[in-house]
Amino acid sequence: MMKLLPLLLILSMFAAVQLAQSAPTSITVNNSLGTFLSKYIPSATVSSSAFFSQGVGNASYVIMKSTGGKYLVVNVTSGRYSILINESHISVVLRPYLLAEYYPAQSALANLSASMHAYINQSAPPLADCLVETGLSQYTCTAANNCFSCQAIPNCRLLLDQAGGPGGVFSLSIMNFSANYGMLNQSYNGFLSGLSKLNESDFGSTIGALGAFYRNISSLSTELPHNPLFPLPKNFSSSQFQGCGAYIPTKAPWYCVDLAYCRYTTFNGVLLSSIGAQLSSLESLPISDSGVLNTSKASASYADSFVQPVITQQLSAQFSAFINATYPKYNSTLEEAMFLDARFSNTTLSSSISAIGSEFASILNASIHQNITSANSTMLGMLKGLNSLDSKIGAEYMPVYNTSINNTVLIAKQELNYKTVPYQLAKLAALQESINTQLNSKVNSTQLSSIASSLSGIKSSVSGFNPIFSAPALVKEIDGPLASSLMSRSTVSVASKLASAPFYAAIISFLIGLIIILAFYSLTYSRLKRKRKIRITHRTRRAWKALFIMLFVILLVYTYATYAYASSANSFLPINQFLGGVRSSNTVIVAANLSNPITSPTLECAVSLNSTLASMGKHVITVGIENGTCTLGNSTSSRCYDALLASQKPIVYLNSLSTYFNGMYGSVFHVSGNFENGSSCYVSRMMQLAK
């Protein structure tokens with residue numbers, strides 16, 4: 001009984017609504033309704049549809065009937081519109097409209113009633129006669145009373161005794177006839193009674209009951225003639241008797257034990273089919289329960305086809321805005337957290353990373369099919385918690401980590417000042433590398449304290465290495481600019497200029513030395529001789545000749561030394577000399593080697609390097625170089641790289657084969673490996689040492 005209460009409440013509410021329904025009225029679409037519908041429905045569909053107003057209770061609705069019998073229901077509340085997509089709500093509105101439009105004429109109902117009466121009257125005489133012949137018109141035939149109705153009729157009793165008595169086939173046939181006849185009469189009465197009471201308020205449920213009664217009548221009309229009490233049908237085939245010998249009488253098919261005790265009975269199948277067709281026509285009307293349900297489902301689907309794309313578009317915009325706002329903070333927070341989790345032992349951090357990753361994956365997977373406001377609130381809370389945990393752990397770990405990186409950069413800088421790294425510096429580098437490895441694995445607070453102490457000692461030791469004198473660097477400072485200026489006018493390849501730079505430096509030194517000797521000759525021997533302040537003798541001439549030969553030999557030695565040191569500068573120079581150039585130059589060039597694939601870490605390093613140089617007040621020029629040809633912005637030039645080298649501006653050359661600084665022609669710091677790896681690349685940090 002408790003389970004029926006909600007249903008009863010719904011039915012009572014529906015009954016109340018039914019009483020307050022108003023008849024549908026045809027209307028035209030006003031501007032406000034037209035504007036609302038245009039957000040969802042094509043104008044061609046709106047213009048080709050009919051519109052009706054429908055009141056249900058205190059609520060007002062507009063029903064749009066499109067071509068093809070499709071309905072769309074719009075709720076109207078205080079001048080505001082909303083399209084209904086709930087089937088139950090739609091059915092409450094559509095039912096009175098459909099009843100008003102499709103309720104059958106009384107003539108159709110009267111014709112159906114007349115047809116059923118005719119059907120009953122046609123089949124009634126043989127059945128009534130059989131009731132008399134079996135005594136069922138006055139008594140009953142049951143197993144309990146030994147088929148008393150038959151016992152009361154002499155002819156029936158005689159056949160009963162011959163056919164096995166009260167438990168025989170004849171008795172069973174009478175009992176079966178009695179039951180079927182009673183059910184048939186009940187179905188007749190139910191059908192006619194329901195049809196006579198049919199009205200608009202209960203059409204939906206009653207028409208379904210009439211269908212059930214009709215199906216019972218049809219089934220019983222087929223079954224009754226197959227009772228052994230009645231003669232075999234006129235069209236019965238005798239070939240069916242062939243298998244009858246295999247049955248006992250009480251279990252045999254009806255035609256095997258046919259007694260033909262009652263008159264031949266028939267039912268008008270044509271008339272019954274006509275009744276069925278009339279009933280099916282009524283049942284197919286959209287005002288039956290199933291019809292209203294199906295029409296409401298179709299209306300909900302029709303409405304959804306218009307509403308859902310708009311809702312999806314709105315939700316997609318909300319979801320995109322949420323993701324666009326969340327992604328940057330999520331990525332940065334998670335990246336920081338994962339960086340710390342990979343290096344610092346903290347179970348809370350690990351579980352938080354897993355939880356927020358799982359939650360965000362679920363949000364992305366659910367997409368617009370979720371409460372976006374709730375998802376946003378959840379993510380903001382989790383991000384706030386993870387960010388707080390990041391800050392707490394980072395405050396402990398990052399100072400030690402950054403000190404380690406800075407030490408590594410200092411050591412790398414000192415190593416790049418030596419062609420052969422001193423033993424003590426190499427030892428410090430190995431110790432620092434060991435600490436870097438330890439910091440990039442899981443460490444705890446105790447280990448961090450010990451590492452911090454070691455890092456302090458390393459930094460102090462590295463600072464003890466003072467800049468060394470470099471003859472190749474001196475040669476580059478003296479001869480490099482002039483040599484580059486001379487070579488820049490040549491049209492030979494960059495590679496040839498790089499190779500010939502030492503020769504140019506030697507030529508310049510030779511010419512400078514020669515000019516000095518000639519100047520010395522002019523100011524000394526030539527002048528003294530001209531003014532007759534020296535006595536020219538064979539011995540004097542020989543002495544002066546020996547002096548100038550010695551000076552020329554010194555010039556040759558100096559020229560050779562220049563060539564040797566310039567050649568050395570072509571293969572190695574101390575990095576201090578490059579950093580000095582960065583410090584004194586207003587412009588620094590960042591070049592990327594396009595001959596090799598550019599990876600994401602290299603690009604990140606380039607961005608970081610540009611940012612660092614810009615923060616130092618340097619004008620940064622970014623170029624791509626491939627086989628000597630450089631690309632600057634949208635322009636490409638085969639002489640561009642040549643011009644950059646000739647300018648002697650500092651060039652950081654990323655994506656090289658190894659890390660070194662060299663060159664008489666140009667000032668290029670070749671960078672690779674960890675020096676160009678990611679946003680915290682060593683070269684970016686090393687440039688800060690040039691401040």
Side-chain angles (χ1 to χ4, degrees), residues 3-4 6-21 23-24 50 52 54 56-57 61 63-74 83-113 115-116 186-220 272-305:
K3 293 181 179 179
L4 292 176
L7 179 59
L8 292 174
L9 289 172
I10 291 172
L11 291 175
S12 64
M13 292 171 62
F14 177 73
V17 170
Q18 289 286 92
L19 294 175
Q21 293 167 353
F52 304 87
Q54 176 69 61
V56 179
Y61 302 89
I63 298 174
M64 184 184 87
K65 183 180 180 181
S66 300
T67 55
K70 296 178 180 179
Y71 298 95
L72 185 138
V73 181
V74 180
I83 297 176
L84 299 189
I85 58 175
N86 180 272
E87 293 176 12
S88 299
H89 196 171
I90 291 172
S91 67
V92 172
V93 181
L94 282 182
R95 186 181 293 273
Y97 167 81
L98 294 172
L99 282 168
E101 185 172 356
Y102 293 103
Y103 192 80
Q106 287 299 319
S107 59
L109 301 178
N111 186 56
L112 179 59
S113 177
S115 296
M116 182 55 74
Q186 289 176 359
S187 296
Y188 285 151
N189 292 333
F191 185 91
L192 293 172
S193 175
L195 187 58
S196 66
K197 298 176 182 178
L198 189 66
N199 57 60
E200 291 186 4
S201 64
D202 66 356
F203 182 90
S205 57
T206 301
I207 199 68
L210 293 181
F213 286 132
Y214 170 79
R215 287 185 288 275
N216 287 340
I217 292 170
S218 180
S219 175
L220 291 167
L272 186 62
S273 296
S274 174
I275 293 171
Q278 295 176 60
L279 189 60
S280 295
S281 178
L282 294 176
E283 288 180 320
S284 66
L285 294 175
I287 54 177
S288 65
D289 283 349
S290 61
V292 172
L293 177 62
N294 292 335
T295 304
S296 299
K297 284 183 177 180
S299 175
S301 177
Y302 188 53
D304 194 60
S305 69

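Numbers for residues simply follow the sequence, beginning at 1.
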side-chain contact (heavy atoms from CB on, under 4.5 Å) between Y103 and L198: does it pass, once the steps are laid out?
CA-CA 11 Å; Y103 192 80; L198 189 66; 3.9 Å; yes
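S219 places no side-chain N or O within 3.5 Å of a backbone atom of R215 that could act as its donor or acceptor partner. With N199 contributing its side chain and K197 its backbone, the two residues share a donor-acceptor pair below 3.5 Å. Without hydrogens or angle criteria, S299 side chain to T295 main chain gives no donor-acceptor distance under 3.5 Å. Judged by distance alone, the side chain of N294 and the main-chain N or O of K297 form no donor-acceptor pair under 3.5 Å. Counting only distance, with no hydrogens or angles, the side chain of Y214 and the backbone of L272 share a donor-acceptor pair below 3.5 Å. The backbone N or O of G190 sits nowhere less than 3.5 Å from a side-chain atom of S193 that would complete a donor-acceptor pair.
Relative ring orientation between F52 and Y97 is described as tilted, the plane-to-plane angle lying within the 30° to 60° band.
Considering only heavy atoms from C-beta on, L112 comes within 4.5 Å of F191 through its side chain. I217 places a side-chain heavy atom less than 4.5 Å from the side chain of M116.
Heavy atoms of other residues, nucleotides or ligands lying less than 6.0 angstrom from NZ of K70 number 12 at most.
Atom CG of L210 is separated from atom OG1 of T206 by 6.5 Å, given to the nearest 0.5 angstrom. Atom CG in L192 sits 10.5 Å away from atom OG in S187 (nearest 0.5 Å). Here the OH atom belonging to Y71 is positioned 13.0 Å from the CD1 atom belonging to I90, to the nearest 0.5 angstrom.
Contact record, L109 with P104: CD2-CG, 4.1 Å, taken as the closest heavy-atom pair. Residues R95 and I287 share a closest heavy-atom pair of NH1-O, 4.4 Å. Taking all atoms of both residues into account, the shortest heavy-atom contact from S115 to Q278 is OG-NE2, 3.3 Å. In this structure, A303 and I85 approach most closely via the heavy-atom pair CB-CG2, 3.9 Å. Nearest heavy-atom pair across G211 and L279 is CA-CD2, 3.6 Å. The shortest heavy-atom contact between Y102 and L285 is O-CD1, 3.5 Å.
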